[in-house]
Amino acid sequence: MAQEKINELITAYIDGEITDPTKVNDIKDRIEKDNNLKFDFQVQRLMKSIVADRFKIQPTPKKVRRKVLGKINPSKNFLTAFFSRRLS
Amino acid sequence: MLNKKIKLYSEFEREAIPYMDPLYNFALRMTGNKNDAGNLLKETFKKAFWFFEKLERGTNYKMWLFRVMKYAYLNSYRKKSKELIISDYEEIEKFYENMKYSSIDGLQLEKELYDKLSDDDISDALSSLPEDFRIIIILCDIERFSYNDIADFVDVPIGVVRSRLHRGRKMLLTNLYKCAEKKGYISK
C-alpha cells in the first residue's frame, strides 16, 4: 500500500467506514508501529472531535423560522389570502 | 383540497421541520452571512414542500433536504469559491510535515488546540477552508452522514470523499495551529 493510501485509510478507519476486521487490525497494527502514521491518526482524530464537539451550532433565528413556516403552512396561507381578499 | 394540504403539511412538519437548525447552519457556512442563509433556508423549505407530496415515503429526509438546499444554493447563491491552488496545498503539506517531524506530539497538540482555542476560532478556521473541503467536513463530522451519502451529495467517488476529508483535516489543523501561534498559545 502506498503511504498516501494508508494515511487516507486511517481517516476512513476513524470515521468508522472500514468494517472488514482484518483491515481494521492491519491499520491498528501499522499505527502502533509507525510514529508518522501515529501522528496522522492523532491529528485526524483530534480534528474530527474538535469539529464535532466545538463547532458553534446556531439555532435558526425565530424571525427566520416564522418566515419559513409562514411560507409553507397552508392554513396560514389560506387565512392570509382570505383576509387580504376581504380587505381589498 | 385545503384539508389535503393541511394533512400533507402536518406530515412535512413531522418529517422535515426538525432538520431546520442543521440546514440553517449549513446555509450559514455556505453563504457566509445570516441574511442569505435565511433566504436560502426559506427557498429550500418552499421547494421541499412543493416536492414533498411526490416524494417516496421512507426516504432519508435529512439527506433529501440537504440536497434540495444544495441545488437552491448552486442556482442562486454560489459565489466564486475559494479555489485551492496547488501551491497553497503544497505549503500546507510542508507546514504539516514540519510539525510532524518537530518535537510536537499528537497529545501535546490536543492540549494546546482543544483547550485554548475558542469556539469562534474553530468556526473561523473551518469557514476559511475551500468550499470542496469544508462541505465534506461539515457533512461528515457535524451531520454524521456516511461516506456513501456524502459521495452521492457532492457527486464524486467515495475515494475522493476520503481523500478530501484527510486533506481537509490537515488544512484545518494548519489553520488552527497558525491561529494558536498568533494568539500566543503556542510558542514558535
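Here is how names work: the chains are called A, B, and so on, in the same order as the sequence lines, proteins then strands, and each is numbered from 1.
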*Taking the six-membered ring of B:Phe145 (Phe, Tyr or Trp), confirm whether the NZ or CZ of B:Lys62 is under 6.0 Å from its centre and within 45° of its axis.*
yes
Would you mind checking which part of [X] comes under 4.5 Å of any heavy atom in chain A, side chain (CB onward), backbone (N, CA, C, O), both or neither?
X: B:Leu28; result: side chain
X: B:Phe49; result: side chain
X: B:Asn25; result: side chain

*Would you mind checking which part of A:Val68 comes under 4.5 Å of any heavy atom in chain B, side chain (CB onward), backbone (N, CA, C, O), both or neither?*
both
*Given a strict heavy-atom distance threshold of 4.5 Å, which part of A:Glu17 is in contact with chain B: side chain, backbone, both, or neither?*
side chain
*For chain A, which of B:Met20, B:Lys46, B:Arg144 has the most heavy-atom pairs under 4.5 Å?*
B:Met20
*If you tally heavy-atom pairs under 4.5 Å against chain B, which of A:Arg54, A:Arg65, A:Lys48, A:Lys67 wins?*
A:Arg54
*Top of A:Asp53, A:Asn35, A:Ile14 for chain B proximity - count of heavy-atom pairs under 4.5 angstrom*: A:Asp53
*Taking everything shown except B:Glu97 itself, do over 12 heavy atoms lie less than 6.0 Å from its CD?*
yes
*State whether the number of non-hydrogen atoms from other residues, nucleotides or ligands found under 6.0 Å of A:Lys23 atom NZ is greater than 12.*
no
Do [X] and [Y] meet the criterion of a side-chain donor-acceptor pair at a distance under 3.5 Å?
X: B:Asp115; Y: B:Tyr185; value: no
X: B:Ser127; Y: B:Asp124; value: no
X: B:Asn39; Y: B:Lys42; value: yes

